[in-house]
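Below is one structure, written out as structure tokens, with a few remarks after it.
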Number of protein chains: 2
Amino acid sequence: MTSNRPPTSVDVARAAGVSQATVSYVLNDNPNARVSEETRQRVRDAAARLGYVPDASARTLRTGRSGIVLVPLSPARTGGLVRDLLDDLGEELRPRGYTLVQYGERHLKGVPAAKVWAGLRPTAIIVEADRLTRASVDLLRASGTRTVIGFSDAPSPLVPAVVMDHESVGACAARHLAERGRRRLAAIVPREEGVDLMGVGRLRGVRQVAPDAERIDLAFTEEAARAVATRHDLPDGIFAYNDEYALLLMSALQDAGVRVPEDVAIVGADDLLLASLVRPRLTSVHFDTTATPAGMAAYIDELVRGDRTAEPGSVISIYGPRLIVRSSS
Amino acid sequence: MTSNRPPTSVDVARAAGVSQATVSYVLNDNPNARVSEETRQRVRDAAARLGYVPDASARTLRTGRSGIVLVPLSPARTGGLVRDLLDDLGEELRPRGYTLVQYGERHLKGVPAAKVWAGLRPTAIIVEADRLTRASVDLLRASGTRTVIGFSDAPSPLVPAVVMDHESVGACAARHLAERGRRRLAAIVPREEGVDLMGVGRLRGVRQVAPDAERIDLAFTEEAARAVATRHDLPDGIFAYNDEYALLLMSALQDAGVRVPEDVAIVGADDLLLASLVRPRLTSVHFDTTATPAGMAAYIDELVRGDRTAEPGSVISIYGPRLIVRSSS
DNA sequence: CCTCGATAGTTATACGTATAAGCGCTTGAT
DNA sequence: ATCAAGCGCTTATACGTATAACTATCGAGG
């Protein structure tokens, strides 16, 4: 520990016998800088020897870009699939120089939300498309955000979007239940804010197949599930929104003496590992996503670097639902 | 949209007819600034009208502090309990002006890791204590990190630590299994890097009660679980590290025709909602944590603001394990 | 009238980086 | 011999904020 504070580019410059500007040019591989290979090496050696790490905030201030990929959604409430996807996306983004920041925040929409987000000067932002407006997108762009990506169940007129086709998920589940001879179908719609929209989308899909399918709103608690399970007029086939709700409901049904799948067939979604671990094993809608974390990271990188332009309305990925039949249906 | 870029404190100053310094004094409620209440209002009005949001990077550069609470662990691998706790902690920290950043990153240790972390100039950092050294703590402190909190199974000589007493978790589970008449005990140790240490701690606790308990290393895959479940010399009581591993193992045992709990009793840990949803319901070690998210957020805030000093070796919280007996044991 | 102290601000500066602009030196062409 | 052009660097500056240091005004007290 020779020095007490982390080394700056000025320290590196002094150690290499050059100016601070040269250090910056070399370490950023700036193409319009003319520096001899010999000097480049001296700089790189000095940087390595001192253990130089650029100050993220200074770089952000100077460039107006932060390398932050902001995800202002609360993945805890979104289910295991999204949570895992975000974790993987973060891993893929890091080696490219980005930092994925989760900003669990659900109250704000439109311009007020955009102002809060803009304070972090994120390089990119991935957010539910329904929280965006034309003005908020403009604000973000003006404040240095290079890439705004929506997250939605339909292409967005404002931004490119990661699209989950919720209707086809619901339809896929309902078709299966109908084939199994179930006539009185229902779809669970989560009561949680934010998630409910997806639930409604999936319900719509169910009703494409079974127009009179019942809508059951359900909070994620055991009491709420019990209330549903003890109804006297239970449907005989339920699409439970996702695997977690499916498990919650299935447990309550078993407690109430209702047999799954004999009395009521249950279909989940996300095809979590969980689904094959519980008994009865859970039939689930699996997503064949074309948006692998690596692919999304590369796409974001291309947009940020300007190698590709972000067409509003364009779709990053459609999740193709496919049913994994197990024993709960 | 009058302006195209987000307003700065200079814009607010111009709008309020004062200097930029005054704006800063007012909006930060700086106590040694002498500003009349009338002017304060003018400034606040102007800021509100323009929708001013301070630039996080400029503030960080100036102060050397970022408001970032860095958590360089990969919660996806840590289990549902830690993941939920971090989500809640983030919610609690936000209104206090901090931003919790998860930095899923497992390779680095000691000074190299500290250098990467220091690049973000975090205000506080919560990290596994075994990834810290004296030198890395010094480096973090020197680079402006006010608070370094360890995460460990024992008090740390370097920093205050959130302590999970893994041994007592294992002992709690083992005592229960022994009372149930189980004689050939085993404890699962996850094969995942980082988590394995906690697994070993819990195994130690099991062996305090049953000295010859077997150690079973298990990767989190169905194949690995099947390999264990089809052994001919199965133990009759297994502490499965946590609920997720317990469910994985229980499923494999059921597939192999082994009855739970008749042939093999299973105990999990974390007492996730999951545990009461599966069949048989999972006996689990519940944590009575004194470290509520709100309490931890307040503690961090006090340390950062200097209202409290961080005594190395001090313990933020001990998790008191308590068994929730259900039907898997 | 002058000083003093308080009040209510302002001016100036630094944080660490990226980059535009400039500057001396060499080289090749005329 | 002179000039232009290129090379290899340096100098200077701006990003937006927080804060130390300073200044102008005013009322009171001598």
Side-chain angles (χ1 to χ4, degrees), chain A residues 3 5-43 46-47 50-67 97 115 118-121 123 142-144, chain B residues 3 5-43 46-47 50-67 97 115 118-121 123 142-144:
Chain A
S3 131
R5 316 185 330 93
T8 71
S9 58
V10 174
D11 298 326
V12 176
R14 198 164 17 232
V18 298
S19 71
Q20 179 268 332
T22 303
V23 171
S24 176
Y25 282 130
V26 170
L27 296 184
N28 292 330
D29 283 325
N30 190 314
N32 30 338
R34 281 100 47 91
V35 180
S36 68
E37 188 50 44
E38 185 194 331
T39 306
R40 299 188 109 90
Q41 265 313 326
R42 270 215 324 283
V43 169
L50 296 181
Y52 169 68
V53 178
D55 182 300
S57 56
R59 166 175 279 167
T60 298
L61 179 59
R62 177 61 233 249
T63 60
R65 285 187 270 289
S66 62
K115 273 174 186 150
L120 289 174
R121 302 290 185 272
T123 296
S143 70
Chain B
S3 134
R5 316 186 329 93
T8 69
S9 57
V10 174
D11 297 325
V12 175
R14 198 165 16 233
V18 297
S19 71
Q20 178 268 330
T22 302
V23 172
S24 176
Y25 282 130
V26 169
L27 297 184
N28 293 330
D29 283 325
N30 189 315
N32 30 339
R34 310 260 32 122
V35 181
S36 68
E37 188 50 44
E38 185 194 333
T39 305
R40 299 187 109 90
Q41 265 312 326
R42 271 215 322 285
V43 169
L50 296 181
Y52 169 69
V53 178
D55 182 300
S57 56
R59 166 175 277 167
T60 299
L61 179 59
R62 177 60 233 247
T63 61
R65 289 189 269 289
S66 61
K115 275 177 184 148
L120 289 173
R121 301 290 185 272
T123 295
S143 71

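Every chain is numbered from 1, with letters handed out A, B, ... down the list of sequences. Computed from heavy atoms alone, side chains included, the values below leave out hydrogens, waters and symmetry copies.
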Mind calculating the distance between [atom1] ([X]) and [atom2] ([N]) to the nearest angstrom?
| X | N | atom1 | atom2 | value |
| --- | --- | --- | --- | --- |
| A/Leu61 | C/dC15 | CG | P | 14 Å |
| A/Arg65 | C/dT19 | CZ | C1' | 13 Å |
| A/Leu27 | C/dG16 | CG | P | 16 Å |
| B/Asn30 | D/dA20 | CG | C1' | 11 Å |
| A/Gln20 | C/dG16 | CD | P | 11 Å |
| B/Arg121 | C/dA14 | CZ | P | 19 Å |
| A/Asp55 | D/dC15 | CG | P | 18 Å |
| A/Tyr52 | C/dG16 | OH | P | 10 Å |

Practice task
Report the nucleotide, chosen from D/dT17, C/dT17, D/dG16, that has the shortest atom-to-atom distance to any side-chain atom of A/Arg59.
Solution key: C/dT17
Fill in the blank from the handout: Side-chain contact check for A/Ala21: nearest option of D/dT11, D/dT17, C/dG16 is D/dT11
Can you find a heavy atom in the side chain of [X] that is under 4.5 Å from one in the side chain of [Y]?
| X | Y | result |
| --- | --- | --- |
| A/Val23 | A/Val18 | yes |
| A/Tyr52 | A/Leu27 | yes |
| B/Arg59 | A/Ser57 | no |

Exercise for the section: Report the C-alpha separation of B/Arg65 and B/Thr60 in whole Å, then their side-chain angles, then the decisive distance to 0.1 Å, and conclude whether the side chain to side chain contact (heavy atoms under 4.5 Å, CB included) test is met. Expected result: CA-CA 5 Å; B/Arg65 289 189 269 289; B/Thr60 299; over 6 Å; no
Completion exercise
Sorted by chain and residue number, the salt bridge (Lys or Arg N to Asp or Glu O under 4.0 Å) partners of B/Glu38 (sequence neighbours excluded) come out as none
Shorter than 3.5 Å, N or O on both sides, protein versus nucleotides 7-9 of chain C: list them out with atom names.
| residue | atom | partner | partner atom | Å |
| --- | --- | --- | --- | --- |
| C/dG9 | OP1 | B/Thr39 | OG1 | 3.1 |
| C/dG9 | OP2 | B/Ser36 | N | 2.9 |
| C/dG9 | OP2 | B/Ser36 | OG | 2.6 |
| C/dG9 | OP2 | B/Thr39 | OG1 | 2.8 |

Fill in the blank from the handout: Residue set satisfying side chain to side chain donor-acceptor pair (under 3.5 Å) with B/Arg14, at least two apart, ordered chain then number -> B/Asp11
Handout entry: Short side-chain N/O contact to D/dT19 OP1/OP2 from B/Asn32, under 4.0 Å
Key = no
Handout entry: C/dT17 phosphate, OP1 or OP2, under 4.0 Å from A/Ser24 side-chain N/O
Key = no
Practice task
Using atom types as modelled and distance alone, determine if a side-chain donor or acceptor of A/Thr39 lies under 3.5 Å from a backbone N or O of A/Val35.
Solution key: no
